[in-house]
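Below you'll find the structure, written out as structure tokens, and then a few comments.
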Amino acid sequence: MFDMRPLNRRQFLALGVSSASAVFLASRVTGQSLPPAPNQYVSKDGLLDIALDARYEAVNLAGEQAYLYSYNGQIPAPQLEAKPGDSVRIRFTNNLPQPTNIHYHGLHVPPTGNADNIFLNIPSGETFTYEFTIPDNHPGGTFYYHPHLHGWVAEQVFAGLGGAFIIRGELDAIPEIQAAQEVFLFLKDFDLDANGRVPQPWHMAQMMGREGSLVTANGQVNPTLSIPKGGLLRLRLVNASTSRFYRLALEDHPLYLIATDGIPLSEPVELRELLLTPGERAEILVRGEREPNQYRLLALPYNRGGMGMMGGGMMGRGMMGRGMGSGMMVQSDWESTRNLATLTYAGQVETLPLPQKLIPVETLPEPQRVRRFILNHGMSPGMGMVFLINGRAFDHQRVDTQVSLNTIEDWEITNTGVMDHPFHLHTNPFQVISRNGQPESFRAWKDTVLVRAGETVRFRVRFTDFPGKTVYHCHILDHEDLGMMGTIEMQKSS
Ligand code: C2O
Ligand code: CU
Ligand code: CU
């Protein structure tokens, strides 16, 4: 979802002024500067070999002690980096008090065996070794690993689990991109009670998708990024939140989108703002073309819908502060602007140009088949609300969708409910063709696409390389846990 309105100076000024009055001022630590590339593990001699464990312990979050789930005690988790052709070996130990597993979101690797297999259940105390190879033709970009055991996903991601998985590739070899300074922004919200623990969410918060009022970038509140005048910044953004959407804008600076969900565009696209829903990633370039000053990276108000479902009694509670133990999002937060990070100017370089061309995005042939999916919710006796795809809640034993490898399909996803749902497909990326019948304005690869309440989104996908069973689901992880997920079996064509 990209806002394509052309830039004009007046809009920028208006944006600056209105957000100044509405901005949510972080009451905690502000203005910390970003640590240089923390906790990176980079493949060597064709192998990325690391030990990861999921654990529950006290960590430092935005300057305070918090009891969170983490990989290796780090928030955000260690950043993994490999190249096409590399092997990946992750010796994973589950030190959580509950079962879990790991999903490699967006990677085009087998969804089976000890690769990206989300049906695995790794019990508490057990070790499991993930092993897979990044295909030689894998696009370079920003990917995302997180737990994916149905029923536990929202809780475990919200408690802190998740990290970036970088594939270095063709985009990184473009000289203008190489000249840019690379900054990762891993966006994640938390909810902590007065003791620094993550409270159980209210039932309604779970229905809406739990959000927390502590909004962080790389585990910090409002870190500072710097750019030299004339320079270029390459921001790699991951929405690692359980449910929160980020409608991003950088004061007085256009965003030049260069990659979506880990895959490069054919040329930069200039945007005024960028909506990043859970699971989505984006890479943007920022030019140091303004007067040296401080500019806020903002998360502008966004209403995900569904507030009508909340009883009147729920609405009255103010849940902005820490220590409410609420896990509860109220509309007032959806109406406020937040300051995610601050851009400052430091130094000066000769003006760096934007790249003209990036990596060609192929045009997929016409589909051999069209399928339709309806996203909605319903009531189930004793369970309250359930979230459904084509009228059914998730069942890992059922195969909902059977496809043949090396075929092209169009999927038409219609959201007939009252809440927005970001729809995600594992293993194979797709291209959005149209939204409510309107063609997309530029071609891009995606693995997660927002389907707003009332919308129909059509995308085109080619199933390649890997047979086996995996899933598609809403990436508001509470909705996924509450049933909005289906299985897909990819079969070798006979
Ligand atoms: Cu990031 Cu199936 O999810
Ligand atoms: Cu995924
Ligand atoms: Cu949803």
Side-chain angles (χ1 to χ4, degrees), residues 77 100-111 115-120 141-154 156-158 161-165 186-188 205-211 238-245 261-263 276-281 304-306 309 329 373-378 385-389 393-394 396 413-430 445-455 457 461 466 468-488:
T100 189
N101 65 18
I102 304 180
H103 167 48
Y104 304 90
H105 180 132
L107 288 187
H108 183 62
V109 298
D116 184 22
N117 183 350
I118 55 96
F119 297 106
L120 289 171
T142 310
F143 301 92
Y144 169 35
Y145 68 100
H146 63 78
H148 210 299
L149 184 59
H150 179 66
W152 300 95
V153 185
Q156 293 180 358
V157 168
F158 198 62
L161 293 173
F165 198 128
F186 196 79
L187 305 175
K188 201 167 179 63
Q206 232 172 311
M207 300 295 119
M208 302 298 296
R210 66 190 85 185
E211 295 189 18
V238 181
N239 182 344
S241 283
T242 308
S243 319
R244 181 179 285 273
F245 289 17
D261 290 353
I263 306 189
L276 209 60
T277 71
E280 284 189 302
R281 292 89 60 219
R304 301 198 273 110
M309 303 183 319
M329 188 40 53
F373 297 86
I374 308 283
L375 310 180
N376 206 340
H377 37 75
M385 220 170 167
V386 282
F387 287 78
L388 309 168
I389 300 181
F394 178 68
H396 72 277
I413 320 292
T414 299
N415 179 352
T416 60
V418 296
M419 276 181 266
D420 292 1
H421 300 293
F423 185 91
H424 170 49
L425 171 64
H426 285 212
T427 313
N428 292 286
F430 53 77
W445 289 106
K446 297 283 295 162
D447 58 48
T448 306
V449 63
L450 176 59
V451 188
R452 291 193 166 104
E455 271 187 339
V457 169
V461 54
F466 309 117
K469 193 172 145 187
T470 189
V471 290
Y472 46 83
H473 58 91
C474 175
H475 218 289
I476 290 178
L477 297 170
D478 279 299
H479 295 172
E480 176 274 306
D481 281 337
L482 291 166
M484 195 174 270
M485 178 153 74
T487 58
I488 173 173

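Just follow the structure's listing: the first ligand is 1, and inside any ligand the first atom is 1.
- Remark: the H426 side chain and the H148 side chain contain an N/O donor-acceptor pair separated by less than 3.5 Å.
- Outside the 6.0 Å centre-distance limit, the rings of H421 and H473 are not counted as a close aromatic pair.
- With atom 2 (Cu) of ligand 1 as the vertex, atom NE2 of H148 and atom NE2 of H473 span an angle of 100° (nearest 10 degrees).
- Note on H103: not counted as a metal contact of atom 1 (Cu) of ligand 1, no N/O/S atom lying under 2.8 Å.
- Nearest N/O/S atom of H475 relative to atom 1 (Cu) of ligand 1: this is NE2.
- Put simply, the side chain of N101 gets close to the backbone of L149: a donor and an acceptor are under 3.5 Å apart.
- In summary, an N, O or S atom of H146 is located under 2.8 Å from atom 1 (Cu) of ligand 1.
- A centroid separation of 6.0 Å or more is found between the aromatic rings of F165 and H105.
- A side-chain N or O of E480 and one of H150 form a donor-acceptor pair less than 3.5 Å apart.
- At a threshold of 2.8 Å, the Cu ion (ligand 3) has a backbone or side-chain N, O or S atom of H479 nearer than that distance.
- In this structure, R281 forms no cation-pi arrangement with Y144, as its terminal cationic atom is not both closer than 6.0 Å to the ring centre and no more than 45° off the ring axis.
- Per residue H421, closest N, O or S atom to the Cu ion (ligand 3): atom name ND1.
- For atom 2 (Cu) of ligand 1, the N/O/S atoms of H426 include one lying under 2.8 Å.
- Atom ND1 is the N, O or S atom of H105 at the shortest distance from atom 1 (Cu) of ligand 1.
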